[in-house]
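Structure first, commentary second.
We count ligands from 1, going down the list as the structure has it; atoms in each ligand are counted the same way. Just so it is clear, the structure is predicted and the values come from calculations on it, not from any experiment.
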Amino acid sequence: MNLDKLITKHLTRYFDPSKRIPEETFQQLLRYLRSSPTTINIQPNHFHVLETQDGKNKLADALVGRFADNAEKVRNASHAIVFTTRKDIPDTHLQEIFEKERADGRFADPEIQKGWEAGASNFVEIQTENYGGDVLHWLEKNTYLIVGATMMAAASLGVDATPLEGFDRTTVDAAFDLTDTDYTTTLLMVLGYPDEARVSRQPVSRFDAEKIFTHM
Ligand SMILES: Cc1cc2nc3c(=O)[nH]c(=O)nc-3n(C[C@H](O)[C@H](O)[C@H](O)COP(=O)(O)O)c2cc1C
């Protein structure tokens, strides 16, 4: 990965519909995505992986009204991912995590696992209080971290990954049968290779270093 290139690069908005991410590359990216760490291993996500044109069209069709300009980005991308997040953390979810951790042998000593479980359950209570009961707000921060990390992982594989916040949550939730489920759409991601004819040649615009860094 060439960090200097990333520093001067615009996020890709227009993808070349003729270019597809090689299967092994995409699978590696999904393996990375699955491995992403979350607060107390809370794993609040479900990812809808759109790898067929039908799958991408399903999402694109849900991008209407003021978000219609994102539809073409989805249709032309090689792949797209709908990042969804749990709206709450019932005890059943915590127990599922703990069971999996025990099965995976996360801690060699069962007593340590037991202590971890008590601490993790308590942490959920603390965060629920910290966010005034708005657990989704907390959990979606984890989702955004995962999105950022996945963008960098994609870059390391030579793949462009652009997050899209321009969508109507209600409409996308309905398209993916999420309404009245435990999950809701947090962010979309389109992945692939740029349409070179439509890459912006203008400089990237960001605040000066003096404004955003305080060194001491
Ligand atoms: C979280 C996030 C959400 C974004 N959502 C959209 C989007 O819905 N549609 C879009 O065209 N670009 C989207 N972008 C791209 C930004 O608008 C773009 O990166 C920003 O304006 C800076 O432009 P540059 O990448 O060309 O320097 C998003 C970027 C981020 C980080």
Side-chain angles (χ1 to χ4, degrees), residues 1-17 19 21 29 32-33 36-39 44-50 55-87 134 136-176 178 183-213:
M1 183 167 61
N2 183 336
L3 205 53
D4 281 330
K5 212 172 145 201
L6 269 192
I7 288 170
T8 53
K9 185 182 181 311
H10 294 271
L11 284 187
T12 292
R13 288 201 163 90
Y14 304 104
F15 290 87
D16 183 339
K19 290 193 182 143
I21 302 168
L29 192 64
Y32 173 78
L33 180 53
S36 302
T38 48
T39 311
N45 302 110
H46 188 87
F47 310 101
H48 293 260
V49 180
L50 313 181
K56 288 179 282 178
N57 287 346
K58 191 185 178 87
L59 174 58
D61 290 345
L63 301 174
V64 290
R66 71 183 297 270
F67 304 118
D69 66 320
N70 275 341
E72 184 205 359
K73 294 161 199 164
V74 172
R75 283 189 220 283
N76 288 344
S78 167
H79 293 68
I81 302 176
V82 180
F83 287 74
T84 78
T85 311
R86 286 197 68 96
K87 292 184 267 195
D134 189 355
L136 180 62
H137 184 180
W138 165 43
L139 298 175
E140 285 191 316
K141 291 183 181 191
N142 275 278
T143 309
Y144 268 72
L145 271 182
I146 290 174
V147 167
T150 303
M151 289 166 68
M152 293 302 283
S156 79
L157 295 169
V159 172
D160 285 3
T162 301
L164 301 179
E165 240 179 17
F167 65 91
D168 178 66
R169 174 174 274 180
T170 310
T171 316
V172 175
D173 279 0
F176 288 87
L178 294 172
Y183 292 82
T184 188
T185 307
T186 299
L187 207 60
L188 316 175
M189 179 182 280
V190 278
L191 304 107
Y193 304 98
D195 176 347
E196 292 299 340
R198 297 174 79 185
V199 170
S200 169
R201 309 288 167 202
Q202 301 304 116
V204 163
S205 167
R206 302 288 188 263
F207 284 137
D208 290 334
E210 294 70 33
K211 178 176 169 66
I212 63 164
F213 295 124

- Item | Gap between atom OG1 of Thr184 and atom NZ of Lys87 - 0.5 Å precision | 5.5 Å
- Task: Check each of Glu165, Arg13, His10 against atom 16 (C) of ligand 1 and report the one with the nearest heavy atom.
- Result: Arg13
- The closest protein heavy-atom partner of atom 7 (C) of ligand 1 is Leu164 CD2, 3.5 Å
- Message: Donor-acceptor pair, distance only, cut-off 3.5 Å: does the side chain of Thr162 make one with the backbone of Thr12?
- Response: yes
- Query: So which heavy atom in the protein is nearest atom 9 (N) of ligand 1, and how far is it from that ligand atom?
  - Reply: Asn70 OD1, 3.0 Å
- Item | Sidechain-backbone polar pair: His10 side chain, Gln202 backbone, donor-acceptor under 3.5 Å | yes
- Of all protein heavy atoms, the one nearest atom 25 (O) of ligand 1 is Leu11 N, 2.9 Å
- Under 3.5 Å: donor-acceptor pair, side chain of Lys56, backbone of Ser78: yes
- Polar side-chain atom of Thr84 near backbone of His46 as donor-acceptor pair, under 3.5 Å: yes
- For atom 28 (C) of ligand 1, the protein heavy atom that lies nearest, with its residue and separation: Pro163 O, 3.4 Å
- Side chain, backbone, both or neither: the part of Arg206 lying under 4.0 Å from ligand 1 by heavy atom: side chain
